[in-house]
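All chains are named by letter (A, B, ...) in the order of the sequence lines, taking the proteins before the strands, and each is independently numbered beginning at 1.
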Amino acid sequence: MSKALPKRSEDYSLWYNELVKKADLAENSAVRGCMVIKPYGYSIWEKMQAQLDKMFKDTGHTNAYFPLFIPKSYLSKEASHVEGFAKECAVVTHYRLKNAEDGSGIVVDPDAKLEEELIVRPTSETVIWSTYKNWVQSYRDLPLLINQWANVVRWEMRTRLFLRTAEFLWQEGHTAHATRQEAMEETEQMLGVYARFAEEFMAMPVIKGVKTANERFAGADETYCIEALMQDGKALQAGTSHFLGQNFAKAFEVKFANKEGKLDYVWGTSWGVSTRLMGALIMAHSDDDGLVLPPKLAPIQVVIVPIFKSEEELEQITAEVKKIKDKLLPAGISVKFDNRDTHKPGWKFAEYELKGVPVRIAIGPKDLENGTVELARRDTKTKEVFDLKNGDILEKISTLLDDIQANIYQKAFDYRAAHITEVNSYEEFKEVLEGKGGFISAHWDGTSETETRIKEETKATIRCIPLDQKQEDGSCILTGKPSKGRVIFAKAY
RNA sequence: CGGGGUGUAGCGUAGCCCGGUUAUCGCGCCACAUUUGGGAUGUGGAGGUCGCAGGUUCGAAUCCUGCCACCCCGACCA
């Protein structure tokens, strides 16, 4: 393991790339744009999945699985949907290989051409709605509240580990409802679930908002989102929840008989978060020494490092460690005792800091003598000596984990608060954008043309129209036309 | 997909312009010894299709062509 990480202040994207690799989260694979998620990285994803899955179940959803391949014709049924994804689809055209006649290896058998080409799903609306057609006849069949955990493929030009990969893991919820209002409530409910997950578990504050027409999901009537701010001042869309109206129901003929006996199209939603959340998690909290993980998502919450010279010393320490583990483990705290004699304590300290383990306990001969342990917290890098006789270690650690969770949230919150800037002129807008970055709250005339022009001139996009937007008369920073409230601009990932 | 850059041991690199003994150094790895409260030290050792494929040449890591991958900057996107 080589030592130092690049400094965030010197090269932020290099810092990110190196951190992802050095902390054993992921690495590039032989396939362009695809990544290998390593065990430690996957453990974090599993913690995210477990929590989100629970939240989905708690709100009445069930998991199912739909196929990876989508007949090409399905994709073209919803006009704007195809347009949105056509440029980044992987296509399966053949189903057999054979040995090349000149012995040069294996080639695609031209005789094995598929009748209809298959698209590797970039998202599953089309397969799912074509299935829902068969599942829905009456209002009694509604609502359908289904989620799937899956991989999807979007053939991206430029990729970055976790933030944008050609294949990524996600969850996609797809629901069908009898009324417009119910579908709208579902859309908002799931946005709330995402926001709560981001804030309470990832310790990452987010802005809830609505996308402008330019940024809306292809095929949706309305796209809601949570937007987070990274430490380099760039915004990251962390989750989306779409109100699909009756668009997919109409495209796939999903009709039901309502209570009055009349046929009507069902109302739909879809919502998703992906392994991109891993990127958000990394960039929200980590520092120049490595990852900083929120305790609620850390695969290892507490690491115990023994400091010993002899076998006997290690045995004595191990006995003490067992007592501590017996208290922590039943309380659901994940503890790793790193008793390897192949690495020195200092090496281990650095290693677990790189991996973002929230709390470290060190026990050495001096501690055995004094009945103490040394507690170190990752977020503040502070250490304290804890007297085992004068306090309950479980209570101490629980409090510490809660403190860390709260502290890193607060830190991210303060950073964001300091980086939401209200501006009232285009000059000021460009100045803030080039200087301190972050979210910029400004008036906009509500037109696509203006948004596009601002994007072309500054690379900033409207991240969202905040749900808690204040009614405030103002004039558009670009055109001077009247505006009723501020929207959030930023450069985005 | 356009512009620029990089590819040499597990990782990071020197050598490349100007072709010529056995390809450099550091980290890591293995062995032994001394060490162990913040990434130990010494001694010895192992490890290389110089990204891949062609070409030029008596001779290629080095020159030429093509391809692949990665990084940065653009267009596209969660």
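- A donor-acceptor contact under 3.5 Å is formed by the side chain of A:Lys383 with the base of B:G38.
- Interface residues of residues 194-204 of chain A facing RNA chain B, ordered by number: none; criterion, heavy-atom separation under 4.0 Å.
- For the pair A:Ser13 and B:C72, the criterion of a side-chain N or O lying under 4.0 Å from OP1 or OP2 is met.
- A parallel orientation is assigned to the rings of A:Phe248 and A:Phe252, their planes being inclined by less than 30° (bins at 30° and 60°).
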5'-to-3' dot-bracket of RNA chain B (Watson-Crick, G-U; under 3.5 angstrom; crossing pairs as [ ]; | other strand): (((((((..(((.......[....))).((((((.....)))))).....(((((..]....))))))))))))....
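- Distance from the side chain of A:Ala350 is smallest for B:G38 among the nucleotides B:G37, B:C77, B:G38.
- One can place NZ of A:Lys309 at 13 Å from C1' of B:A40, the figure rounded to the nearest angstrom.
- In the set B:G74, B:G38, B:C72, the nucleotide with an atom closest to the side chain of A:Lys459 is B:G74.
- The pair A:Glu200-A:Lys296 does not meet the salt-bridge criterion, since no charged nitrogen lies less than 4.0 angstrom from a carboxylate oxygen.
- For NZ of A:Lys38, the number of neighbouring non-hydrogen atoms (other residues, nucleotides, ligands) closer than 6.0 Å is greater than 12.
- The nearest pair of heavy atoms linking A:Val359 to A:Ile397 is CG1-CD1, 4.1 Å.
- Remark: A:Lys87 is not in phosphate contact with B:C76, judged by side-chain N or O atoms under 4.0 Å from OP1 or OP2.
- For the OP1/OP2 pair of B:C70 and a distance below 4.0 Å, the side-chain nitrogens and oxygens of A:Asn17 include no atom meeting the criterion.
- One finds no salt bridge joining A:Arg8 and A:Asp232 here, because no Lys/Arg side-chain nitrogen approaches an Asp/Glu carboxylate oxygen to under 4.0 Å.
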